[in-house]
Amino acid sequence: MVAAGRVARVVIDSALPQLDHFFDYRIPDELEAEARPGVRVKVPLRTAGRIADGYIAEIAADDDAFDGSLSPIESVVSPVPVLAPEVWSLARRVADRSAGTANDILRLAVPGRQVRVEKAWLAEREAAAVKAGSKVTPTAPSIAEPAVRGYGKRVLEDAVLQHERLALDAIPRLAQLPDGSWVGEWAVTLATLATGCWSRDESAIIAVPDYRDLDQLAAALTAIAPAAAVARVDAAQSNPDRYRAFLSALSGPRIVIGNRSVVYAPATRLGMIVVWDDSDPLHAEPLSPYVHTRDAALVRQELQKCALVFAGLTRSVEVQRLVELGWVTEVSPERAVLPKVVLTANQPAAEPVARAARIPSTAWQAARAALTGDRGDPRGPVLIQVARPGYAPVLACAKCGQAARCNRCDGPLGQSRAGATPSCGWCGALATDWHCDNCEHDRFRMVTVGAGRTAEELGRAFPGVRVIVSDGEHSLQTVTDAPAIVVATRGAEPIAAGGYRAVLLLDGERMLARETLRVAEDCLRWWSNAAALAAPGAPTILVGVSGALARSFATGRTSEYARTELADRRALRFPPAVRLASITGAADVVAETVDAVDPGSLIDVLGPAPHGDGQVRSILRFEYAKGQEVAAAVRAAYVRNATRRRRAPAGKSGFRPAPSLRVRFDDPDIL
DNA sequence: AGCACGCCGACT
DNA sequence: GTCGGCGTGCTC
């Protein structure tokens, strides 16, 4: 093929679904050298003068191309191939699978260009290349592969080496790093595996749900891997830092760590993808097309044939399904490490102070033993896990018991601090002269008790003991090993040096009262994650919950629970036994979209049901095998809708109407 | 998104 | 006659 016959297949950087396909451009002679796959380009679109940004996805021969005359590429923005070919295929596949646009995925995959950072990086590369040219062999990583502990000799290492897919049961205990700090053992396990990849000159990607996890992982890596081997990519970084990390991942094998969108990071010779704690809701991408980290990781593994590790202290029902299909293989610790779990009923304690703090006797005694050492146990901090943040998040009328509502907007009233004036959770208005709608009474009673309140009562019970509160708003990463009462909302538990001497899970009953499909799974995860913060042999006390769920937690058989849960979902034809897609929007648009799908590829259609603001929602239910065709049909309807329906002229008001059609596949919170 | 094209109502 | 409304469609 002749050089002049080459065309650039460009993906236009635009949110418009109707532009979500290749546009072919001629490569002018003067750009021949720079026009490489993955580079950012500027291209004319429609009329001369209108210039769009885009990426060259591929270079192709002119034969099968567009049968009009090709416009030339306007310019190559920079020579850096920011869109690696495998990331492009991943974006395309993931978008198609979820009836979205590749651009929506690219927005997560490729950070905005930072010219200064990029120039510095290019200069550095140039310098390195000159050096290499002057007879220095490119340096391969020069560290030995570290051994993973706790899983049997080379069991994990070999599985990763052979690029297998694994469901890894993490070890529920803490580990101390050489610098004296403490992290979850899981962080050491994953850091060790990733460093193993890197020592073989391969990249590893590790996606964790939140920043607290990311910090633990980064700390564990610091102890094992050279700093230059690690690229941390997260949204909280400044744009230049983020771009620096991105370019670093592009430069050679790295251990790339970050939150959910790190699954799309560029990676030289990708050896392994790890998803830590895949049932954490933070792995569900809130931006269209709402692709879960787990699903993106599965697609990427299939494309690149690297190792894939779903690791967690508990197993998600989704991963359990993959295990039962034989798609992933279970790996458990060599010796079971079981937190010492005690179940106790919610009967009030004899001690008045304990009763005020609504802590049953067993739990109370464990806490007291840890704080005072009165049983001869080692003294140390006690973790108290509660369901809700705040002081008294929900208030009711003291006389008739009706929930207290804002007199202005009917929002729920709550109290943020002892003695504070209650305020509305919706409009924020202070309820200064509140009266009950029902009985006109004007005094409140607390219905749920938040972390702050519990802390206050416990503090009174143990004079002289420090009370520490960690919740979503003010979360602490660590506490020392000094005796202290640490009241934390689920997910915000600090790590105690050496582990907690007792862990009290207080609000299990309330956590279980939520009406979602995933309550049981969520509770197991919250409890297990807290129990893993206990010191060896220290008790974890689950208050007021009994039954199969509590038993599987107490016996450490959480994956067995995932199995029964999956069996139930199969019987009900609920996800993840089947797949769902929700279609939300104006009634006619939703109907049109649903009609575009061949009924033969669906199990059924639920709805349409009203879904707020004059919109409706229909839910399509289908088997995994039909995913391809359902997504294709929905995507076609979505594109058609975007071209046919114009946004109502904004007029003078400036109000933008909601998008007329929203499509979401596999929404974890749908039922 | 923008912008052109095109097919019907009010106008010098 | 034709100026211009915005519904419809296209962008390599």
Side-chain angles (χ1 to χ4, degrees), chain A residues 1-32 34-77 81-83 85 88-89 91-92 95-96 99-108 110 112-113 287-289 585-586 588-589 591-593 595-596 635-663:
Chain A
M1 82 189 86
V2 202
R6 293 178 352 130
V7 297
R9 322 207 82 180
V10 172
V11 46
I12 304 287
D13 183 8
S14 156
L16 296 172
Q18 57 271 47
L19 299 186
D20 184 32
H21 58 77
F22 284 148
F23 286 80
D24 292 349
Y25 288 89
R26 189 165 56 73
I27 301 173
D29 292 345
E30 65 274 20
L31 296 181
E32 183 62 35
E34 287 176 80
R36 289 278 117 85
V39 299
R40 296 183 207 261
V41 287
K42 289 193 181 293
V43 291
L45 194 63
R46 184 85 178 123
T47 25
R50 276 192 64 205
I51 297 296
D53 291 318
Y55 307 93
I56 296 183
E58 330 176 326
I59 303 285
D62 199 2
D63 50 0
D64 56 347
F66 177 71
D67 62 345
S69 71
L70 297 182
S71 293
I73 291 175
E74 223 254 347
S75 62
V76 172
V77 175
V82 289
L83 180 57
W88 164 250
S89 341
R92 185 69 273 164
D96 289 345
T101 71
N103 254 293
D104 285 335
I105 305 294
L106 293 187
R107 211 151 300 153
L108 305 172
V110 185
R113 178 166 180 252
L287 296 175
S288 173
D588 53 340
V589 182
E592 203 180 304
T593 309
D595 287 345
R635 189 173 133 37
Y638 181 67
V639 173
R640 220 176 310 129
N641 175 69
T643 43
R644 295 251 166 82
R645 305 236 169 207
R646 312 314 296 258
R647 251 197 350 212
K652 316 282 172 227
S653 67
F655 276 117
R656 291 177 162 219
S660 60
L661 181 61
R662 263 189 354 267
V663 174

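Letters A, B, ... mirror the listed sequences (proteins, then strands); counts begin at 1. Keep in mind the model is a prediction, meaning the values are calculated, not measured.
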Separation of A/Phe23 atom CZ from B/dA1 atom P, in whole Å? 15 Å

Atom-to-atom span, CZ of A/Arg50 to C1' of B/dA4 - whole angstrom: 11 Å

With sequence neighbours excluded, tell me which residues meet salt bridge (Lys or Arg N to Asp or Glu O under 4.0 Å) with A/Arg36. none

Would you mind reading off the distance between A/Leu45 atom CG and B/dA4 atom C1', rounded to a whole angstrom? 14 Å

Nearest-Å distance for atom pair NZ/P, residues A/Lys42 and C/dT11: 22 Å

Heavy atoms only, 4.0 Å cut-off, all strands: where does A/Ile12 land among base, sugar-phosphate and nothing? nothing

For A/Leu16 and B/dG2, what is the distance between atoms CG and P respectively, to the nearest whole Å? 9 Å

What integer distance in Å separates A/Ile51:CD1 from B/dG2:P? 14 Å

For the pair made of CD in A/Gln18 and C1' in C/dT11, what is the distance, rounded to whole Å? 10 Å

Backbone N or O of A/Pro44 within a donor-acceptor pair of the A/Tyr25 side chain at under 3.5 Å? yes

Rounded to whole Å, the CG-P distance (A/Leu19 to C/dT11) equals 10 Å

With respect to A/Val7, which candidate in A/Leu70, A/Ile73, A/Ile56 satisfies the side chain to side chain contact (heavy atoms under 4.5 Å, CB included) definition? A/Leu70

Please identify each residue that fulfils salt bridge (Lys or Arg N to Asp or Glu O under 4.0 Å) with A/Asp96, with sequence neighbours left out. A/Arg92, A/Arg635

